[in-house]
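For reference, the structure is listed below as structure tokens.
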There are 2 protein chains.
Amino acid sequence: MHEHQISPAEWEIMRVIWTTHPITSKEINAILKEKKEWKLATTKTLIGRLVKKGMLSTEKKGRKYEYRPLVSEKESIDESIDDLLDQMCDTKVGRSIETILEKSVISKSDLERLATLIEKKKAVAPEIVKCTCTPGQCSCVH
Amino acid sequence: MHEHQISPAEWEIMRVIWTTHPITSKEINAILKEKKEWKLATTKTLIGRLVKKGMLSTEKKGRKYEYRPLVSEKESIDESIDDLLDQMCDTKVGRSIETILEKSVISKSDLERLATLIEKKKAVAPEIVKCTCTPGQCSCVH
DNA sequence: TTTTTATGACTACGGTTGTAAACTATAAAA
DNA sequence: TTTTATAGTTTACAACCGTAGTCATAAAAA
């Protein structure tokens, strides 16, 4: 599991800060009002935990603090993706991508980039993906 | 968040049971010996929790119990994927798929199926994906 | 300067998770 | 039938999580 572990509730906070920074706790709470019925205290607790985890930097500005992200959104998303892929057999990844594709709306340009990438990968793709699971954790023949 | 919440440690157990069932706690533990240094008691605790969560069925067979999965692996993986996608802006999904593709080995046949699916999606794909985020949680212009 | 107020820090509390020892019931072996 | 090994259950406990009240302090207002 990754070190930079962000819980779902913390993730809500991070998304706000990734979008706008520097930002104060009050502003964060105001933005999240629409989505979560959190008391200001809750927002503060989550911010505090994120600071302790090294996800946010603080800078005192007069009476309030300004928060900034110390890890990028892309970085964090990629780690989530890694965690997801780690829990399934390598041979199932292709099928899973298909599932995602099916249930998502993807822009024309993204689809084009994906098509290009797939074309490129076809050249070196194996007939069968090698499974690296612990024997007994997938149905591949070892 | 989904009801069928499976923790990482529980996931290890489920993968064994999805692969082989019915199966006993001892057999599960033996299989996981290679990967996790769990005491038999740990395996039993996790099995117990999975039963309580309604993930496994039990059937007494002589002195031991046999476990069977009550949810399929695909179902569970799909829920994990949903949870992952739910925490990012819809406009970022394409890019994330690209990331997954880049870092994974995909078989020729899977790539082909993906290519076909992408071709099909291109026909109805929008120029720009509509963002449904809470304002302030992504950089899209609302 | 004193009072008000807003802000982060501390504390709390029930739930979940990872990890496991101790307990109990019971089938199988002696 | 008595013993024993084994299977599940109960209890444990620290860390993490969601949610939030309270407190101390410092800035702003009076």
Side-chain angles (χ1 to χ4, degrees), chain A residues 1-17 21-33 35-68 76 79-80 83 86-87, chain B residues 1-17 21-33 35-68 76 79-80 83 86-87:
Chain A
M1 208 48 111
H2 281 95
E3 355 62 65
H4 285 164
Q5 205 54 357
I6 306 177
S7 79
E10 288 164 359
W11 195 274
E12 300 288 349
I13 305 278
M14 289 306 294
R15 287 190 63 182
V16 174
I17 300 179
H21 53 262
I23 191 171
T24 66
S25 64
K26 187 164 195 181
E27 294 169 326
I28 293 171
N29 190 246
I31 287 175
L32 286 174
K33 264 284 159 42
K35 191 175 187 181
K36 316 295 272 184
E37 319 237 304
W38 287 342
K39 293 283 160 15
L40 183 56
T42 304
T43 300
K44 287 177 180 175
T45 299
L46 293 169
I47 292 173
R49 287 179 186 166
L50 286 166
V51 170
K52 184 161 14 156
K53 287 185 184 179
M55 299 290 171
L56 299 178
S57 70
T58 37
E59 192 183 342
K60 199 162 195 166
K61 260 295 164 53
R63 162 185 50 175
K64 41 191 73 169
Y65 281 57
E66 287 181 346
Y67 299 98
R68 284 184 182 75
S76 296
E79 285 189 10
S80 297
D83 289 339
D86 279 355
Q87 67 189 160
Chain B
M1 208 48 111
H2 280 96
E3 353 62 63
H4 286 164
Q5 205 54 356
I6 306 177
S7 79
E10 287 163 359
W11 196 274
E12 300 289 347
I13 305 278
M14 288 306 293
R15 287 189 63 182
V16 173
I17 300 179
H21 53 260
I23 190 170
T24 66
S25 65
K26 187 164 195 180
E27 294 169 326
I28 293 171
N29 191 246
I31 287 175
L32 286 174
K33 262 285 160 42
K35 191 176 187 180
K36 315 295 272 183
E37 319 239 303
W38 286 342
K39 295 282 161 17
L40 183 57
T42 304
T43 300
K44 286 178 182 177
T45 300
L46 293 170
I47 292 173
R49 287 178 185 167
L50 286 166
V51 170
K52 183 160 17 155
K53 288 184 184 179
M55 300 290 170
L56 301 178
S57 70
T58 37
E59 192 183 341
K60 199 162 195 167
K61 260 295 163 54
R63 162 186 49 176
K64 42 191 73 170
Y65 281 58
E66 287 181 345
Y67 298 99
R68 284 183 180 75
S76 297
E79 285 189 10
S80 298
D83 289 338
D86 279 354
Q87 68 190 158

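The analysis underlying the following values was restricted to heavy atoms, covering all of them including side chains, and did not include hydrogens, waters or symmetry mates. In what follows, chains carry the letters A, B, and so on, assigned in the order in which the sequence lines appear, proteins first and then strands, with residues in each chain numbered from 1.
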**Report entry** Gap separating the CG atom of B/Leu46 from the CD1 atom of B/Ile6, nearest 0.5 angstrom
**Finding:** 12.0 Å
Report summary line: Atom NZ of A/Lys36 and atom P of D/dC17 are separated, to the nearest Å, by 15 Å
Report summary line: In whole angstroms, the gap separating P of D/dG18 from CD1 of A/Ile13 amounts to 10 Å
Query - Gap between atoms CD and C1', on A/Gln5 and D/dC17 respectively (whole Å) - result: 12 Å
Query raised in the report: D/dT10 base to B/Arg49 side chain: any donor-acceptor pair below 3.5 Å?
Result: no
Query - Residues forming a salt bridge (charged side-chain N to carboxylate O under 4.0 Å, His left out) with B/Glu66, sequence neighbours excluded - result: B/Lys61, B/Arg68
**Report entry** Main-chain N/O of A/Ser76 paired with A/Glu79 side-chain donor or acceptor, under 3.5 Å
**Finding:** no
Query raised in the report: Does A/Glu12 use its side chain to pair, donor to acceptor, with the backbone of A/Ala9 at less than 3.5 Å?
Result: no
Requested in this report: Return the value, rounded to whole Å, for the distance between atom NZ of B/Lys61 and atom P of C/dT26.
Outcome: 19 Å
Requested in this report: Between A/Glu37 and A/Glu10, just flag the one whose closest nucleotide in DNA chain D comes earlier from the 5' side.
Outcome: A/Glu10
Query raised in the report: Does A/Thr42 make a side-chain N or O approach to OP1 or OP2 of D/dG18 shorter than 4.0 Å?
Result: no
Might you list the N or O atoms of the protein lying below 3.5 Å from N or O atoms in nucleotides 4-9 of chain D, with each pair's distance?
| from | atom 1 | to | atom 2 | distance (Å) |
| --- | --- | --- | --- | --- |
| D/dG8 | OP1 | B/Tyr67 | OH | 2.6 |
| D/dG8 | OP2 | B/Ser25 | OG | 2.6 |
| D/dG8 | N7 | B/Lys44 | NZ | 3.0 |

Report task. Measure the distance from NZ on B/Lys35 to P on C/dT19 and round it to the nearest whole Å. Result -> 13 Å
Report summary line: Taken to the nearest whole Å, CH2/B/Trp11 to P/C/dG18 is 13 Å
Query raised in the report: Rounded to the Å, how far apart are B/Lys39 NZ and D/dA12 C1'?
Result: 16 Å
**Report entry** Separation of C/dG8 C1' from A/Leu46 CG (nearest whole Å)
**Finding:** 14 Å
Query - Donor-acceptor contact below 3.5 Å, side chain A/Thr45 vs main chain A/Ala41 - result: yes
Requested in this report: Under the side chain to side chain contact (heavy atoms under 4.5 Å, CB included) rule, what do A/Ile13 and A/Leu32 come out as? Steps first, then yes or no, please.
Outcome: CA-CA 8 Å; A/Ile13 305 278; A/Leu32 286 174; 3.8 Å; yes
Report task. Please name the residue in the list A/Lys53, A/Gln5, A/Arg49 that meets the side chain to side chain donor-acceptor pair (under 3.5 Å) test with A/Glu10. Result -> A/Lys53
